[in-house]
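So the structure is just underneath, and the comments pick up after that.
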Amino acid sequence: MAGTELWFRRYPATAPLGLRLVCLPHAGGTATFFHSWPAGLPADVETLAVRYPGRQDRFTEPLIEDMTEMADRVTEALLPLVAGGVPVALFGHSMGASVAHEVTIRLERDHGVTPALLAVSGREAPGHAPRTELHTRTDAELIAHVRGQGEIEPAVFEMPELMELIMPALRADYRLIETHVPSTGTVSAPVVAYTGDADPGCAVPDAAAWEAATTGGFRLRVLPGDHFYLVPGEKALLADLSTALRATQPAR
């Protein structure tokens, strides 16, 4: 279980365990992005926030710049938790949505496990993302792009000491997502796609195109806000996500 504990910051359910929700952060993001989520989710849901290497308590580990390696390692770490039969769902925001999609493909294709739900947020459907090479640009250009998506903590960008720590992970994550060629085929898990109505990086039609990525049913939910709509809109998002999770387990 060492790999499992390394990869996931776990927030245990406060009622008898009914489902595990794996949450995957955006480019440059960390597991603590989801620290407030358990309070807004059903009591029988255990939240597993993914700890990407090279940041926070995994700061000394090498960064991962390749989607195949990232998805393979997250899947491997998750397997001991799905072996017991407890349903698993995945939520990914931005880059995390693509990682969640690739993990879902691996669970279904290689291990015969169909997640109860794949929730993707702020990310275009496979094949709909424009080709960019921001990871090759200067720090200033990359930061300008990130700030243009919407800011969670604007003060961070004004602190050189923090930026020195953040930039390697941010650049590695952009390299990972910009060099990623999505897996082909569809998943069997139901998919719900979330996006902000003013997200400059994920237009509503590109989020709606996730419908073609699944045979298990699809729903689109558009919420007010930019790429980080889920920060001010956390309550509304978690209410909707909770409803979607409950719907996957009618007997709960």
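These figures come from a predicted structure and were not determined experimentally.
Thr75 places none of its side-chain heavy atoms less than 4.5 Å from the side chain of Asp110. No side-chain heavy atom of Thr214 sits less than 4.5 Å from a side-chain heavy atom of Leu118. Put simply, the side chain of Leu176 reaches to within 4.5 Å of the side chain of Met70, judged on heavy atoms. Under the 4.5 Å side-chain criterion, counting only non-hydrogen atoms from C-beta, Thr32 is in contact with Arg9. Between His135 and Ile177, every side-chain heavy-atom pair lies at or beyond the 4.5 Å cut-off.
Side-chain polar atoms of Ser121 and Tyr229 form a donor-acceptor pair below 3.5 angstrom.
If you look at Phe91 and Trp37, their ring centroids are closer than 6.0 Å. Proximity of the aromatic rings of Tyr194 and His93 is defined here by a centroid distance below 6.0 angstrom, and this criterion is not met.
Salt-bridge annotation for Glu65 and Arg171: absent, with no side-chain N of the basic residue lying under 4.0 Å from a carboxylate O of the acidic one. Ion pair Arg106/Glu102 flagged as a salt bridge, since at least one NZ, NE, NH1 or NH2 atom sits closer than 4.0 Å to an Asp/Glu carboxylate oxygen.
Taking every heavy atom of both residues into account, Glu108 and Ser188 meet most closely at OE1-N, 2.8 Å. Across all their heavy atoms, Tyr52 and Pro25 have their closest contact at OH-O, 2.7 Å.
Atom CD of Glu76 has 12 or fewer neighbouring heavy atoms from other residues, nucleotides or ligands inside a 6.0 Å radius.
A donor-acceptor contact shorter than 3.5 Å links the side chain of Trp210 to the backbone of Arg123.
Listed by chain and number, the residues in a side chain to side chain donor-acceptor pair (under 3.5 Å) with Thr138 are Glu141 (sequence neighbours excluded). Residues satisfying the salt bridge (charged side-chain N to carboxylate O under 4.0 Å, His left out) criterion with Glu178, sequence neighbours excluded, are absent altogether.
Using a 4.5 Å cut-off between side-chain heavy atoms of Ile, Leu, Val, Met, Phe, Trp and Tyr, Val86 falls into a hydrophobic cluster with Leu17.
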